[in-house]
Amino acid sequence: MLVSIYRYNPEQDEKPVMQNIDVDVPADRDLMVLDVLELAKARDPSIAYRRSCREGVCGSDGMNINGVNGLACITPISKAAGPGRKLVLRPLPGLPVIRDLVVDLSGFYRQFEKVKPYLINDAPPPAIERLQSPEDREKLDGLYECILCACCSTACPSFWWNPDKFIGPAGLLQAYRFLADSRDTASAARLAALDDPFSVFRCRGIMNCVAVCPKGLNPTRAIGHIRSMLLQQGT
Amino acid sequence: MNCDCHARLLRIYSRRLRKQASIGKVKTSRPINLNLFSIKWPVTALVSIAHRVSGILLFLATALLLYLLDLSLQSEAGFRQAADLLASPAASFLIWLVVVALLYHLIAGSRHLLMDIGIGESWRAGKFAATAVIVFSLIGAILAGFWLW
Amino acid sequence: MSGFRTISFDAIIVGGGGAGMRAALQLAQSGFRTAVLSKVFPTRSHTVSAQGGITCAIGSADPEDDWRWHMYDTVKGSDYIGDQDAIEYMCMEGPQTVYELEHMGLPFSRTASGRIYQRPFGGQSKNYGKGGQAARTCAAADRTGHALLHALYQGNLKNDTVFLNEWYVVDLVKNQDGAVIGVTAINIEDGEACFVQAAATVLATGGAGRIYASTTNALINTGDGVGMCLRAGFPAQDMEMWQFHPTGIHGAGTLVTEGCRGEGGYLINKDGERFMERYAPNAKDLAGRDVVARSMVLEVLEGRGCGEHGDHVMLKLDHLGADVLNSKLPGILELSRTFAQVDPVKEPIPVVPTCHYMMGGIPTNIHGQALTRDSAGSDELVPGLFAAGEAACVSVHGANRLGGNSLLDLVVFGRAAGKHIEELLQQGMQHRNAASADIELAMARLRRLDESSEGEGVAALRSELQDIMQLHFGVFRTGEFMREGVEKLSALGQRIENAYLADKSKAFNTARIEALELENLFAVAAATATAAEGRTESRGAHARDDFRDRDDDNWLCHSLYFPAEKKIGKREVNFKPNIVDTFEPRERTY
Amino acid sequence: MVTNATSLGRSGLFDWLVQRFSALVLLAYAICILGSLALTPDLEYESWRAQFDMPAMRIFSLIALLSLCAHAWVGIWTVTTDYLNEAQLGRAGTLIRLLAQTVCALLTLIYLFWGIRIFWGG
């Protein structure tokens, strides 16, 4: 199978190039893109990419696969490229490339940290757990599962254009995860910190984030909920 | 030292440490992969980008529309002049373009308004609505053509 | 210090998984200069893959539940070589640590009354084995590890812990007194090698499942902490004890949680028979993991395996209904559809026992302090060195870990290590000075790789290692076959020492990291092989064809592998809990 | 929080509300005008003029004009801050953006006064 990989080594290359590598893939089963990368790396160990759990829960190997952001470890090549077609692997769009398929995620993490992604509740905790009804807990479904792979934010043009000001779908999903938590008491302050023209409102609802999320989460909807909460508070 | 103050100092210290630890080679001039043609755009994105483009077109075309409106409302003669202008193939094509942009902007905008009230936020509904925007706009463009010519 | 930057902290934690971040949180909260060095961004650590839950007697499912019952189960599960002081501490402190996690924001699933949801897991009983199956595993759907790891990362962000992410720790730095005074580490992003100095160094580097060809473990689980300790001359304990999880997806090795069986799923052979009823008439599919894994292999060996090659069995879940599966096991549906092309709502999942957990590791006491042997053969603390989580062997799991006890182990002992270091620092524990030579010594490995000009590539050597381990040290072991394995390994060891690093570049050179990891994998594999060959009995996960019975007269003890001599010794099991009476060894049936 | 001197209300929510309300007005106005044009194929000057001279229509037109300007400004501001910033253009980004915004603001003002003259000029 022909694999085209974005190569850039800052110590050798002026500019990134697309390198074509022919990888022998077993014909009897459908490999994941990560398996193909591992095969390519066995031949050329200088190819750099991140990976860890290889089962889609750690979020390390987000990359742009044939034009679509996704996790290499749970994207089958049959779905990514189709039979006989070339696999094209590029780093996540819009972020500085450290090397090959490895991007600098520090800006992405900064936006995540901006939303104070932790439970705030200054009341002294009870001797046991804080109680939460199953209905209240259900509100966190579709939010807490985020793996911070950055597939969504780096598929979002608003995040490309204003990576320092727009929090981006991943960060906003996390913001809503805490706004929606019945145990969190800082909603007002959280909302106040989001009511500027950029942090939330740069979302144009284009749904690229929803289209690529490997966990099937829906940041667009979460952002809509944040807007509704801002509206309730602000009017 | 009170507790708050201590915590603040600690925070400042830890930021400095973080920074210190990340000092290394200067990280300027890293390339960014942002070749817009290498990216596959879902239909929802295309519809949204077209909405933006049509908005910009309309902003510029407003001058034309205001001019025509002004002319047509000035006098009987102005009205004729405006009507004659519209009769020329080039101008009527231009007007058709503007009307199409307007229709598209209205239809796609209505989808955004619906999404604001929580309709069409799931991926499936979003794709469906975006496709519907395209279909309705095409029908609108054809009708506008019939109406103009 | 010649050419190397030195960064200094009160305490450093190597590893950003559950144990490391829990220790870091403790220290950051008390204001000490603490840094976590992690080779991956912390939420990419393997804790994230834990599914089923964290076992602990919080009395939500059953208000009568008692931590002593949990302790009994754990001692029995360990096949009696778990240290009872440590197990007692873990089970007793457990509820408090779980509540702390909940207060931190961990989104546990809930019961109708709003308490944390608990599900049944293997090896759990009420009333010291006499009251039937217990439900003691606190769960956040089937994503408990993910929820736990993220909650801990969030807690650390809140407390401004310093994270040195994507820093790879190469080796421990020892001074002439044998005290650990810090580590050498590479900043992966730019390749810079540093000396990171600390009064306390905590190894929370997780397991080493990647020594086997088929494992549920992440690709990063390369036993770095154990490798470092062995290279520094410290012993490793119970390294023969590797848990094979009964339900790894056939072919892919991906984990399918025991929670599936907790929720009512069961294993069937090719005839559709629920075979665990024969092997464990009472607990059935919820017997200890070692028991279930062995039963599965026996079914396959006796020709009742499923599939074209008859090499696996099936996990049946469809009878639970789509609603239960969607609410309690959503992640399993995802994984099965992706990796087995099977929809558990309709069809059973093909599963095989797959390497899952390292019960052994760096021997520690309940404060996380690493132990070695003095010349007289008794325990001695390693000054400045601590370990917690899977890398450590405290030992609460003995010869077999119960499901849900690993998450508990890592938060309880991560926290305990943090607390103890806190005390020591308050008492004035100081940095010890390093001589240049000490650091140079620890940098030697890096230099060798940079100077390598020929030899074999890392990937091929690694897969050879994994195949040897899989073949010779799997679910069933025999002496002769293991001795063959030990020989193959020692030949391989020489080739690994000469591994060739072709790419010498600095920036994000993953080839260099993988070469360094390979040496750790090999160190762990060698320890495992020697210990497995040396323990001439069957106990817990260690099952030998040539010694089928448990031998309490000779082997009711830990094994201790000494890297310098490449030999194993014995270490006494602690049978002295502080509060409860000792649980005496008995025959272990389910 | 990120603030911006050139945004309309300096609050994201305010801008967002302005854009939504103005959108609704413009939608209604467009339907009204396009509808009347489509329904009267042989339009004469007198009826055309009379339509815009109705008091209700004059007010509606004015509201629509104001909505148009507000809607356009929020849109233009969004577009310019997306593409014409330092992240895209380097250091000159702010200057270029200010220039573009000035031009657009002038154009918007021209539209506003021109429109008022058309509808209310006599």
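The chains referred to below are lettered A, B, ... by the order of the sequence lines, with proteins before strands, and numbering in each begins at 1.
Remark: Tyr109(A) pairs with Phe41(C) by the ring pair (Phe, Tyr, Trp, His ring centres under 6.0 Å) rule, at least two apart or across chains.
Scanning both residues, Gln88(D) and Trp160(A), for their nearest heavy atoms gives NE2-O, 3.4 Å. Counting all heavy atoms, side chain and backbone alike, Arg202(A) lies closest to Thr78(D) at NH1-O, 3.1 Å.
A 6.0 Å sphere centred on CD of Glu86(D) holds more than 12 heavy atoms belonging to other residues, nucleotides or ligands. Heavy-atom neighbours of Gln12(A) CD from other residues, nucleotides or ligands within 6.0 Å: above the threshold of 12. Within a 6.0 Å sphere centred on CG of Asn20(A), other residues, nucleotides and ligands contribute more than 12 heavy atoms.
Interface residue Asn85(D): only side-chain heavy atoms are found under 4.5 Å from chain A.
Between Tyr83(D) and Trp161(A), the ring planes are perpendicular. Angles over 60° get that label, and only those under 30° would be called parallel.
Proximity of a side-chain donor or acceptor of Asn162(A) to a complementary backbone N or O of Thr81(D) within less than 3.5 Å is detected.
Side-chain contact between Phe201(A) and Leu13(D) is present, with heavy atoms from C-beta onward closer than 4.5 Å. Put simply, the side chain of Trp16(D) does not reach to within 4.5 Å of the side chain of Val200(A), judged on heavy atoms.
Listed by sequence position, Arg227(A), Leu230(A) are the residues of residues 209-230 of chain A in contact with chain D, using a 4.5 angstrom heavy-atom cutoff.
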